[in-house]
2 protein chains.
Amino acid sequence: MTEHAHHQHNHNHCVKTAMENAALLCEEKGVRLTDTRKRVLELIWQGHEAVKAYDLIQQFSDGGTKPPTVYRALDFLLEQGLIHRIDSLNAFIGCPHPDHHDECGLQVLVCDECHLVEELHTHDAVSTIADAASATGFKVVRPVVEVHGLCEKCQA
Amino acid sequence: MTEHAHHQHNHNHCVKTAMENAALLCEEKGVRLTDTRKRVLELIWQGHEAVKAYDLIQQFSDGGTKPPTVYRALDFLLEQGLIHRIDSLNAFIGCPHPDHHDECGLQVLVCDECHLVEELHTHDAVSTIADAASATGFKVVRPVVEVHGLCEKCQA
DNA sequence: AATGGTTATGTTATATTATAACGCTTGTGT
DNA sequence: ACACAAGCGTTATAATATAACATAACCATT
Ligand SMILES: [Zn+2]
Ligand SMILES: [Zn+2]
Ligand SMILES: [Zn+2]
Ligand SMILES: [Zn+2]
């Protein structure tokens, strides 16, 4: 079931769902989705492209929001699993299903042209790697797969 | 065949081999392994832990070596495949076999304690992921796997 | 060995990404 | 109301990386 995030779609729906899920998840966990945090999450969900921290900072309409404020919100959202950090881009992306990462780690397809990010959940691949890792005596904690390439649109 | 990089071993041998391979590879490719580049490569090979760019800069004995010099050398070494950048650490590691990355991308085990980095070459895993990626219409260019966890030593 | 083009390096400044430290405010439970 | 913890504002600075331009080293050809 691909979520065709890269195709034409009603993105309002993505945002709405994400924000509702986030509210629920925070409720359940007993953590506070404050205004700042909510606003940062909304800004990250402006699309399915990875967003840079300083772009977020600039997009705060008040103009007076400083890096620590935004980075603290980002840290919170990362902790709750509501967003992912794409290390190869120094950028952040909203997670459409914060509850699906226990088994397969983080797996993303990253378009080098437009920075669109799509998640995979290929359980096989990560278990294969985990096995190979264990065989060398390594204790796996957090598997991350970042596949760079070109999304469908950018292959023109 | 694990290369037990994390076990006790004669590291001088690692360095010697790496430098010889680098010289050969550059010879073959008709590119110049200049003094600066050689020195940076040696510094990176001071161990099997990932090394930060600014640590390299400081380790230049002359004291007058500036960031651009080192970053240019790093760029060169990356282009030739002689080192890898570990995105999740903003750090660099020597590649023991620059010719083995066509098929399986970059796959590394990263110890969160000591930053020891060991490469994997699990062809299966990356082909599984590549298949999943292709199925969504994504054109894979550069698969990267960074598995965080604890190396054998640090599991104490 | 001079010439001229290319590649590599030096140098200064600056861009980008992220955190430390400290004090004030807001929320929460008693 | 009070006390404590969590969140946020503010200033400064750390850490990572690149732009731009000048000089030097290399190399092929004359
Ligand atoms: Zn959408
Ligand atoms: Zn996710
Ligand atoms: Zn070694
Ligand atoms: Zn390698």
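The analysis underlying the following values was restricted to heavy atoms, covering all of them including side chains, and did not include hydrogens, waters or symmetry mates. Residue numbers begin at 1 in each chain, while the letters A, B, ... track the order of the sequences.
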The side chain of [X] lies closest to which of these nucleotides: [options]?
| X | options | result |
| --- | --- | --- |
| A:Arg32 | D:dT18, D:dA6, C:dT19 | D:dA6 |
| B:Thr34 | C:dT19, D:dT10, C:dA8 | C:dA8 |
| A:Arg37 | D:dC8, D:dT11, C:dT19 | D:dC8 |

Just checking, any donor-acceptor pair under 3.5 angstrom between side chains of A:His100 and A:Glu119?
-> no
Contact class for A:Thr36 vs. all strands (heavy atom < 4.0 Å): base, sugar-phosphate, or nothing?
-> sugar-phosphate
Kindly say if B:Thr69 contacts the phosphate of C:dT9, meaning a side-chain N or O under 4.0 Å from OP1 or OP2.
-> no
Relative to each other, are the rings of B:His97 and B:His121 parallel, tilted or perpendicular (30° and 60° limits)?
-> perpendicular
For the ring pair A:His9 and A:His11, is the centre-to-centre distance below 6.0 Å?
-> yes
Just how far, in rounded Å, is [atom2] of [N] from [atom1] of [X]?
| X | N | atom1 | atom2 | result |
| --- | --- | --- | --- | --- |
| A:Asp75 | D:dA6 | CG | C1' | 15 Å |
| B:Ile86 | D:dT16 | CD1 | P | 15 Å |
| A:Phe76 | D:dG7 | CZ | P | 7 Å |
| B:Tyr54 | D:dT18 | OH | C1' | 9 Å |
| A:Leu78 | C:dT19 | CG | P | 10 Å |
| A:Asp87 | D:dT16 | CG | P | 14 Å |
| A:Gln58 | C:dT16 | CD | C1' | 11 Å |
| A:Leu56 | C:dT16 | CG | P | 15 Å |

By nearest nucleotide on DNA chain D, pick out whichever of A:Arg72 and B:Ala53 is the more 5' one.
-> A:Arg72
Would A:Trp45 and A:Leu33 show up in the same hydrophobic cluster when neighbours are defined by side-chain heavy atoms closer than 4.5 Å?
-> yes
Judged by nearest nucleotide, the residue sitting upstream toward the 5' end of DNA chain C, A:Pro68 or A:Lys52, is A:Lys52
Sidechain N-carboxylate O distance under 4.0 Å for B:Lys38, B:Glu42 | no
